[in-house]
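If you're wondering where the values come from, they're calculated on a predicted model, not measured in any experiment. Just the heavy atoms: all of them, side chains too, but no hydrogens, waters or symmetry mates, feed the values below.
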Amino acid sequence: MKSFLFVINNMHIGGTRSSLLNLLKLLEREDDIKVYLYLLSDHGKYMNMIPDGIERIQTSWLSNCIYAKPTELTVIQKIVRLFAKCARKVFGDERIITEVNKRLTKRLFRNSFDVAIGFSEGEPVNFIAEAKAEKKYAWIHNDYSNLTGTKAGYDYALEMMNNIFFVAEAARKDFSDAFPQFKSKLRIIKNTIDFGGIVKKAEISDQEVNYNLEKINIVSVGRVSKQKAFERIPEIITRLSNVELQWHIIGDGDMMLDLRNAIQAFNVEGKIVLHGSKQNPYPYVNKADLLVVTSLYESQPMVILEALTLGVPVISTNFTSARELLYGNGYGMLCDNSVDGIANAIEECLKGNNLDRMRMACREFEYDNKAIVKEIISL
């Protein structure tokens, strides 16, 4: 029996974590592999969603000190983190983190794994670089050109990987252009989708989803961050004065204040509903007329795949990975990555029976999980 180790930062709500949970559920059913999971920080609303058949290696206290959010630390852990921060400034970030990872992996993993996978760019890849494993893989889930510092990871760690995986061709190409020395290592392995789980969760909710059915209900899901560009939504709404709509935002994040200020500045309080972060966002997506992705960039946006699984049409800003999913398919529209571009696409989508045609086209959406799982096991 082969042993697989997956390492990820934490279990906070997000597309990469959803993708990992989907994959773990599929791998749990395989008889010839044993799957282990290590979290650099054992926090997040998805903690209780880790499949029972996956063996989670207990997160180290020191690992939490370094990788958890400041608000998740005890007073003593905050002091240790402060000392570590000072040491990183004096001796260099890479030197300190590498030494810590060496000590942690030696203490946590007594046996060697057949395969170790850093299931996110940056810290998880740096971490498995020090682990004992026959083969090591980095799995990049973001547009690498937009990452800096520890989020991008260390070059030496990438050199130690047997392969570097990407969930979309656009992300692979960007990385290849920036790091031509790794070109021969790069492969595409897409995210998996839990079709049955998504449909089942869409039918249940911890609270009733009350949408005004006399209006067009638009939904956007994700972290309220610079990347998602939700703060553009209030201005977009002002360009749609002839449309009776309500825009539902599912998520939370460090730019929530900017979003609230924009809502007030454009006087659209009655047209935007902030639902906050939801462990189960699918009922909100399922009851929407349209999902709109306003992101500046993405790698392979899970929310698009999830919406299409539920038969909900999608409008997305025109970044490369969105084109791979939506171009030439009737269930989605691409638009210029601007306020006017998004507003114009929504107007076009709502003309005549365009929205009904897009819903019908969603029935043709297909995705091959089995091929992805087979490729992973073949590692």
Query raised in the report: If you look at every heavy atom in R81 and C65, which pair is closest and at what distance?
Result: NH1-O, 3.1 Å
Query - Smallest separation among heavy atoms of I96 and A87, with atom names - result: CG1-O, 3.6 Å
Short side-chain to backbone donor-acceptor contact, [X] and [Y], under 3.5 Å:
| X | Y | value |
| --- | --- | --- |
| N261 | L257 | yes |
| N162 | K136 | yes |
| N337 | L296 | yes |

Any side-chain donor-acceptor pair under 3.5 Å between [X] and [Y]?
| X | Y | answer |
| --- | --- | --- |
| S18 | Y46 | yes |
| W247 | S220 | yes |
| Y38 | S63 | yes |
| N191 | S19 | yes |
| N344 | R239 | no |
| T309 | Y282 | no |

**Report entry** Worked check of ring-ring contact (aromatic ring centres under 6.0 Å, His included) between F113 and F4
**Finding:** CA-CA 6 Å; F113 298 94; F4 278 62; 9.9 Å; no
Requested in this report: Taking the six-membered ring for Trp and the single ring otherwise, decide whether the centroids of F175 and F166 are under 6.0 Å apart.
Outcome: yes
Query raised in the report: So, for F109 and Y36, is the gap between ring centers shorter than 6.0 Å?
Result: no
Give a yes or no on this: more than 12 heavy atoms of other residues, nucleotides or ligands lie within 6.0 Å of atom [atom1] of [X].
| X | atom1 | answer |
| --- | --- | --- |
| R95 | CZ | no |
| Q181 | CD | yes |
| K226 | NZ | no |
| K215 | NZ | yes |
| Q279 | CD | yes |
| K25 | NZ | yes |
| R260 | CZ | no |
| M360 | CE | no |

Query raised in the report: Going by the angle between their ring planes, with limits at 30° and 60°, are Y211 and H248 parallel, tilted or perpendicular?
Result: parallel
Query raised in the report: In terms of the angle between their ring planes, are F365 and Y331 parallel, tilted or perpendicular, with boundaries placed at 30° and 60°?
Result: perpendicular
Check: [Y] and [X] side chains under 4.5 Å, non-hydrogen atoms:
| X | Y | result |
| --- | --- | --- |
| L291 | P313 | no |
| H141 | E121 | yes |
| L290 | V312 | no |

Query - E348 and K351: CA distance, side-chain angles, deciding distance, salt bridge (charged side-chain N to carboxylate O under 4.0 Å, His left out) verdict - result: CA-CA 5 Å; E348 181 64 27; K351 285 181 180 177; 3.4 Å; yes
**Report entry** Qualifying residue, where the test is side chain to side chain contact (heavy atoms under 4.5 Å, CB included) with L23 and the options are N369, I193, I376
**Finding:** I376
**Report entry** V167, T192, I377 screened by side chain to side chain contact (heavy atoms under 4.5 Å, CB included) with I372, the one that passes
**Finding:** T192
